[in-house]
Amino acid sequence: MPDTTEQGLLEQRLREQERYLRGLIEASIDGLVTVGPDLLVMDVNEQTCRMTGRSRDELIGTRFDGCFTDPSAAAEGVYRTLRDGTVADYELELAARAGEPIVVSFNAARFTDAAGAVQGVFAAARDVTDRRRAAAAIAKAREGERVQAEQAAIFAEFAEGVATLDPEPGGVLESVTVQVADFIGDTCGVFVVGDDGQTLRNIAWHSRAPEAVEFARRLLAVRPYTTETGPAGEVFRTGRTVVFREADMTSLREQLPAEYRPLVDRFGVASAVYLPLRAGGETLGVIVTYRFAGHPAYADAEIAFLEEFGARASLAYENARQGAARKRSQELLDAVFQTLPDLICIAGIDGYFRVLNPAWESAIGWTIAELCAKPYVEFVHPDDRQRTLDEHDKQVLRGQRVISFENRYRCRDGSYRWLQWNSLPLAERGILVANARDITEHKQAEEALAHSHRELERRSEELERSNRDLEQFAYVASHDLQEPLRMVSSYTTLLAEDLGDSLGETARRHLDYAHDGAMRMQQLVSDLLRYSRVSRAADESRQRVDCDQLVETVEVDLQEAIVAAGATVTHDRLPTLTGVRTELRQLFSNLVGNAVKFHGDEPVHVHVGAQRSDSMWRFSVADNGIGIDPAQAERIFEVFKRLHTRGNYPGTGIGLAICKKVVEHHGGRIWVESKPGVGATFRFTLQADDSD
């Protein structure tokens with residue numbers, strides 16, 4: 001038999017490489033998915049499962065475009081990849097099972113088999129929801145800067161104090177209350193809607209009499225403003241000013257606890273104005289201003305003045321909110337820029353880096369200052385420089401975007417790292433914005449896997465050639481050994497007959513040993529010859545074989561052994577299938593023969609059955625014999641492996657090895673189920689015909 005140890009080691013290395021690649025895929029922060037030309041999902045990684053809220057089993061086999069809010073756009077992304085080869089930064093909305101849709105950047109490339117036939121699309125989906133929101137926030141903030149500049153001039157005309165407002169929203173509202181209370185009213189407070197969507201929460205308050213602020217807050221703790229009740233609620237719902245020229249505090253005084261009444265008498269409201277705090281067509285809150293009892297009510301001109309002031313205060317507040325949002329967005333972008341593992345850069349059209357994120361230093365070892373001091377092409381591998389310059393010219397001269405371009409960058413230690421680039425030219429600003437991902441490990445894994453495949457193919461060819469040579473040798477050797485063995489057997493028999501009684505007991509015993517040895521050797525050579533012939537049959541020798549008739553023929557062949565053992569052999573209605581008749585006959589003969597041979601004291605019963613299972617027929621040969629130790633279930637199919645001595649059960653130990661080789665030659669597998677003393681059932685599968 002050929003030594004398969006080396007082949008096993010190669011297969012093990014290949015499996016290790018495959019596990020390594022799978023580990024890389026599963027460790028990706030991007031959702032990775034393989035899609036067939038029919039849009040059916042072939043494989044996904046765990047990140048895809050987390051993004052979609054679906055398990056691997058739920059996704060595989062379903063339509064890829066069914067995972068998105070716009071299936072037609074998703075399908076177009078796949079079709080474009082199949083047509084053009086790659087797609088990059090193709091944004092789609094992923095319909096997550098729970099929560100809001102996720103915006104993903106879809107990058108994909110088609111893949112082919114060894115013959116160049118397109119097999120499908122390998123795609124990566126990166127969650128860019130936060131990035132899109134941040135970009136929108138930046139755009140909004142920039143618009144806010146323009147509005148703020150305009151409104152600052154208007155506010156400067158209105159009141160000198162308001163022109164220098166605190167840039168934070170809270171500071172703006174504090175300034176508003178101070179301006180109103182000191183300039184036109186006695187007290188002013190600002191209320192915005194709370195987290196519950198109903199309560200109007202006080203965030204700023206000023207009064208000429210500080211005690212009045214504390215009184216108002218204690219009063220609001222008992223009777224808070226809401227978006228649904230009172231004049232504040234009316235202003236919030238309608239967005240219109242509400243005025244009380246003369247306020248009646250009598251009913252309120254009677255409703256409050258006794259300790260509040262002196263404060264009502266002292267700071268009672270003579271007149272009040274409720275103004276909407278609005279921006280962008282939305283009411284954000286309410287500005288409340290009032291005069292103490294004993295002061296004159298607000299005149300019409302004062303009310304108009306307050307309304308104008310409220311409108312401009314609303315603008316100032318919204319500008320401050322946008323400024324704060326812009327600041328938070330910038331902080332978020334700075335954090336992303338500083339922590340993103342990808343290599344981010346801004347380069348000038350002069351070929352020098354201008355801005356780099358810290359990931360560059362950890363990836364290739366050079367400091368940012370060193371990288372910016374030289375043209376970036378000097379860090380590129382000499383073999384990749386011309387291609388890199390060509391890509392640079394495409395962007396600078398023709399404004400084309402670079403997608404999935406790869407080159408090698410020199411590290412400080414002299415080694416090179418593979419980088420995969422996406423780059424966008426901004427011609428009006430004279431810069432290139434680019435993102436690079438370190439794919440060195442991926443490249444190394446690809447090369448190692450390709451090398452393993454090549455080595456495995458080479459070793460497989462050598463092994464196949466060696467197997468053919470060994471089979472040919474076994475066939476010739478076993479065939480040529482038959483004649484001398486027959487001569488030894490014949491002449492020992494003739495010698496015993498010629499010498500007759502003149503032979504002593506010892507000499508006759510020696511002749512018997514020689515004769516028995518020659519017979520066993522002849523049987524062994526015969527079995528080896530049969531074993532070497534299995535799988536040598538050409539495809540054209542395959543034919544339709546009626547297994548029903550085949551088993552009946554085997555029963556006739558084994559009739560002498562069946563009768564000697566007092567055995568009964570039965571079988572189900574067996575199928576007709578395509579195979580090598582002589583090999584299948586040997587298969588059934590060996591299994592039924594073994595079942596008859598290895599029997600116990602009970603009457604022997606052997607049954608051959610068959611059941612259809614998908615594209616295979618599943619056969620069984622069951623007996624009630626001595627059985628087999630389950631620990632030996634694999635060993636018995638090896639050549640020359642015997643579980644019993646020849647004195648108890650004759651044989652060469654090749655019969656089950658022949659069965660295994662026949663079954664595997666027909667594309668099936670064979671195994672045994674048994675318990676010692678109970679019997680054994682040998683099961684094997686054979687390919688069914690499509691017409692069955």
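Although no hydrogens or angles enter the test, the distance criterion places a donor-acceptor pair under 3.5 Å between the side chain of Asn45 and the main chain of Asp30. Judged by distance alone, the side chain of Asn624 and the main-chain N or O of Gly679 form no donor-acceptor pair under 3.5 Å. Distance alone, capped at 3.5 Å, is enough to place a donor-acceptor pair between the Asp623 side chain and the Gly625 backbone. A distance-only check finds a donor-acceptor pair linking the side chain of Thr48 to the backbone of Leu32 [under 3.5 Å]. For Thr52 (side chain) and Arg54 (main-chain N/O), a donor-acceptor pair under 3.5 Å exists by modelled atom type. In this structure a side-chain-to-backbone donor-acceptor pair under 3.5 Å is present from Arg110 to Leu82. In terms of modelled atom types and a separation under 3.5 Å, the side chain of Ser674 and the main chain of Ile628 share a donor-acceptor contact. Under a 3.5 Å cut-off, the side chain of Ser55 and the backbone N or O of Glu58 do form a donor-acceptor pair. Not one N or O on the side chain of Glu664 forms a donor-acceptor pair closer than 3.5 Å with the backbone of Lys661.
By the 6.0 Å contact criterion, CG on Asp614 is open, its count of non-hydrogen atoms from other residues, nucleotides or ligands being 12 or less.
Of the charged side-chain nitrogens involved, at least one lies within less than 4.0 Å of a carboxylate oxygen, so that Arg683 and Glu673 count as a salt-bridged pair. Between Arg458 and Glu455 there is a salt bridge, since at least one side-chain N of the basic residue sits less than 4.0 Å from a carboxylate O of the acidic one. Taking 4.0 Å as the cut-off between side-chain N and carboxylate O, Glu46 and Arg56 count as a salt-bridged pair. Under 4.0 Å is where a charged nitrogen must lie from a carboxylate oxygen, and between Glu406 and Arg387 no such pair does. Salt-bridge formation is not detected for the pair Lys660/Glu634: no Lys NZ or Arg NE/NH1/NH2 atom is positioned less than 4.0 Å from an Asp or Glu carboxylate oxygen.
Summarising the geometry of Leu574 relative to Gly609, their closest heavy-atom pair is CD2-C, 4.1 Å, with the distance given to 0.1 Å. Among all heavy-atom pairs drawn from Ser620 and Thr681, the shortest one is CB-CG2, 4.0 Å. Contact between Val121 and Ala108 at its shortest, heavy atoms only, is CG1-CB, 3.6 Å. Trp671 and Arg618 make their closest contact through CZ2-NH2, 3.7 Å (heavy atoms, listed as atom of the first residue, atom of the second, distance). The two residues Cys547 and Leu577 have their closest heavy-atom pair at SG-CG, 4.0 Å. In this structure, Asp383 and Arg408 approach most closely via the heavy-atom pair CB-NH2, 3.7 Å.
Leu59 places a side-chain heavy atom less than 4.5 Å from the side chain of Cys67. Within the 4.5 Å cutoff, side-chain heavy atoms of Glu91 are placed close to those of Val128. Side-chain contact between Val78 and Asp65: absent, with no pair of heavy atoms (C-beta onward) separated by less than 4.5 Å. Residues Val596 and Leu558 form no side-chain contact, since every pair of their non-hydrogen atoms from C-beta on lies 4.5 Å or further apart. A heavy-atom distance below 4.5 Å is found between the side chains of His666 and Val580. At a threshold of 4.5 Å between non-hydrogen side-chain atoms, the residues Cys659 and Ile670 count as touching. Between Tyr90 and Asn107, the closest side-chain pair of non-hydrogen atoms is not below 4.5 Å. In this structure, the side chains of Gln420 and Phe405 stay at 4.5 Å or more apart for every pair of heavy atoms.
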* Kindly determine whether Asn590 and Leu656 satisfy side-chain contact (heavy atoms from CB on, under 4.5 Å), including the steps that lead there. => CA-CA 7 Å; Asn590 287 1; Leu656 289 178; 5.9 Å; no
* Dump the intermediate steps for side chain to side chain donor-acceptor pair (under 3.5 Å) on His607 and Thr570, then the final yes or no. => CA-CA 5 Å; His607 182 75; Thr570 60; 2.7 Å; yes
* **Derivation of the side chain to side chain donor-acceptor pair (under 3.5 Å) call for His442 and Glu446** => CA-CA 6 Å; His442 178 68; Glu446 280 185 345; 2.9 Å; yes
* Asked: Can you check side-chain contact (heavy atoms from CB on, under 4.5 Å) on Val606 and Thr568, steps first, answer last?
  -> CA-CA 6 Å; Val606 182; Thr568 302; over 6 Å; no
* Begin from the C-alpha positions of Val663 and Leu587 and carry the test side-chain contact (heavy atoms from CB on, under 4.5 Å) through to its verdict. => CA-CA 8 Å; Val663 170; Leu587 170 65; 3.9 Å; yes
* To do: Could you please spell out the steps behind the salt bridge (Lys or Arg N to Asp or Glu O under 4.0 Å) verdict for Arg417 and Glu441?
  => CA-CA 9 Å; Arg417 307 290 294 179; Glu441 283 74 18; 2.9 Å; yes
* Candidate pair Gln119 and Asp113, rule side chain to side chain donor-acceptor pair (under 3.5 Å), full reasoning -> CA-CA 6 Å; Gln119 300 296 297; Asp113 59 16; 3.2 Å; yes
* To do: Might you work through the side-chain contact (heavy atoms from CB on, under 4.5 Å) test for Val87 and Phe106, ending with a clear yes or no?
  => CA-CA 7 Å; Val87 164; Phe106 176 79; 4.1 Å; yes
* To do: Could you please spell out the steps behind the side chain to side chain donor-acceptor pair (under 3.5 Å) verdict for His571 and Asp548?
  => CA-CA 8 Å; His571 63 85; Asp548 231 22; 3.3 Å; yes
* Asked: Could you walk me through whether Phe619 and Phe588 pass the ring-ring contact (aromatic ring centres under 6.0 Å, His included) check?
  -> CA-CA 10 Å; Phe619 289 85; Phe588 284 107; 5.8 Å; yes
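Between Thr440 atom OG1 and Leu419 atom CG the span is 6.5 Å, to the nearest 0.5 Å. Interatomic distance, Glu447 CD to Trp418 CH2, rounded to the nearest 0.5 Å: 10.5 Å. Interatomic distance, Thr86 OG1 to Arg80 CZ, rounded to the nearest 0.5 Å: 10.5 Å. Between the OG1 atom in Thr553 and the CG atom in Leu584 there is a gap of 12.0 Å [rounded to 0.5 Å]. To the nearest 0.5 Å, atoms CD (Glu93) and OG1 (Thr129) are separated by 8.5 Å. Separation of atoms OG1 (Thr34) and CG (Leu40) is listed at 12.5 Å; rounding is to 0.5 Å.
Residue pairs meeting the salt bridge (charged side-chain N to carboxylate O under 4.0 Å, His left out) criterion with at least one member in residues 551-563, sequence neighbours excluded: Asp557-Arg585.
Using modelled atom types and a 3.5 Å distance limit, the side chains of Trp421 and Asn407 yield a donor-acceptor pair.
In this structure, the side-chain contact (heavy atoms from CB on, under 4.5 Å) partners of Ser615, at least two apart in sequence or on a different chain, are Gln687. Residues forming a side-chain contact (heavy atoms from CB on, under 4.5 Å) with Arg401 (at least two apart in sequence, or on another chain): Asp89, Ile403, Leu424.
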